Amino acid sequence: MNHFELREGELYCEDVSLARIAEAVGTPVYVYSSATLERHYLVLRDALRDAGLGEPLIAFAVKANSNVAVLKTLGALGAGADVVSEGEVRRALAAGIAPERIVFSGVGKTAQEIAFALQAGVAEINVESEPELKLVDQVAQGLKTRARIAIRVNPDVEAGGHAKISTGKAENKFGVSFAEAERLYANASNAAGLKPVGVACHIGSQITDLAPMEAAFGKMRSLVERLRRQGLAVERLDLGGGLGVPYFNQPEPPSPAAYAAMIARVMAGLEIQFAFEPGRMIAANAGVLVARVQHVNARPEGRNFLVLDAAMNDLLRPAMYDAYHDIRPVRPRPGAAVTYDVVGPVCETGDTFTRDRALAPMQAGDLLAFMTAGAYGAAMSSEYNSRPLVPEVLVKGAAFAVVRPRQTYDEMLARERPAPWL
Ligand code: LLP
């Protein structure tokens, strides 16, 4: 459920018309609904609670939407943050998320990033390999502290989804095998700079089937039990993110309640603190990208191009993953649907959002919205083709605020300087 709906023939975000935002801020622009963000977080929290999983840490995956206002909205409800870089640690802290609710993941954290995270006091560093374990130990010893770590396991399950976002197969770069996890956990418990507190896994993103998760989680439970039998303390089990969302044409993903019930079944009787790292299921349907039609280019030989002012640099998912986003006119015109190829102005064929999409008839100047763009939308945007970074707006009820202004060309150019010999 989300808070984008037609009211008297016009698409609204909560109580604000998207056309009004487009007038005020210009296009392209990302628009987020506070009510949807809050609802998704609370539905997940309550589902986990109701299934008897206690008060787990729900660490929002900052990579999905790193805007500080979005993080603050979630942080105010008690969300933590799953981060993968020093930049994301800084964003989470800037949003007021307590370091004890921050989990640091990623396969290639640098010594500087690890030191920064330890000094900030993050709850846990998810370690993905033996060399990384050694590095965290060294850095922590240098700082005369002990790093709370979790070992990230690669459960070697096939989770479907797009190959570029599947992470849980043995051939992927993430995590260590179960056998390695046991060895590293035992090593870590003897290392002066480490305090192993748990184990973690994440099998991929946009998963619309609970079966691979259930298989992975069952293996994780057995690992916790094996470690405990060896006398090792395991406080925390981090089950990653990954529950998919409906991108309109896909099978309906499992509900948070079904997800929570599955976990409760797999984990029955296990005393442990659970942690989760959801990104997409919280943010995706809480955001849209609003764009304006520049031209309707009807080719005599048949194809009908809708050329927008938004491009692949603003929303990369279709170009990168062949992702499908529902497209809704902001003020749908009456008349029979027309089939369009929807494209951006960037100079490459990959800058195509979709082909052969039937939409209400559109004219130059019309606004449309890419739905389900609140996760991995603005967060993956760039300035390719020297297009200023797309602005972001947060709506709450009848109010809206620009939470990342459109960058000016002066700001873009001010970051660069000539080499001394030029
Ligand atoms: N935890 C870890 C360790 C992750 O690698 C990820 C996502 C998440 C949590 C959050 O997963 P989610 O709940 O959002 O599925 N850019 C791609 C998605 C990449 C996901 C990478 N890892 C896309 O636009 O589909």
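Only heavy atoms go into these numbers, but all of them, side chains included; no hydrogens, no water, no symmetry mates. Atoms within each ligand, like the ligands themselves, are counted from 1 in listed order. A quick note: this is a predicted structure, and the numbers were derived from the prediction, not measured.
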Side-chain donor/acceptor pairs under 3.5 Å, residues 186-194, sequence neighbours excluded:
| residue | atom | partner | partner atom | Å |
| --- | --- | --- | --- | --- |
| Ser189 | OG | Ala186 | O | 2.6 |
| Asn190 | ND2 | Ala186 | O | 3.4 |

Of Met281, Lys63, Met320, Gln206, which has the heavy atom at the shortest distance from atom 22 (N) of ligand 1?
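Of the listed residues, Lys63 has the closest heavy atom.
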Relative to atom 11 (O) of ligand 1, which among His202, Arg317, Arg280, Met380 owns the nearest non-hydrogen atom?
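Nearest option to atom 11 (O) of ligand 1, by heavy atoms: His202.
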With heavy-atom distances below 4.0 Å as the criterion, list the atoms of ligand 1 near Glu277.
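Answer, ordered by atom number: 1 (N), 2 (C), 3 (C), 8 (C), 9 (C), 10 (C), 13 (O).
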Just jot down the ligand 1 atoms closer than 4.0 angstrom to any heavy atom of Gly241, in number order.
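It comes down to these atoms of ligand 1: 9 (C), 13 (O).
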Looking at Tyr324, is Arg357 sitting on its ring face, NZ or CZ under 6.0 Å from the six-membered ring centre and within 45 degrees of the normal?
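The answer is yes, since Arg357 meets both limits relative to Tyr324.
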Does CD belonging to Gln230 count more than 12 external heavy atoms closer than 6.0 Å?
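It does: Gln230 CD has more than 12 such atoms within range.
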Below 4.0 Å, non-hydrogen atoms only: which portion of Ala64 touches ligand 1? Side chain, backbone, both or neither.
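Ala64 to ligand 1: no contact under 4.0 Å from either part.
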Do [X] and ligand 1 have an N or O pair less than 3.5 Å apart?
X: Tyr376; value: yes
X: Pro278; value: no
X: Gly242; value: yes

Under 3.5 Å, is there a donor on one side chain and an acceptor on the other for Asn126 and Glu277?
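Judged by distance alone, the side chains do pair up.
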Quick one: do the Arg387 and Asn313 side chains pair a donor with an acceptor below 3.5 Å?
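Yes - a donor-acceptor pair under 3.5 Å links their side chains.
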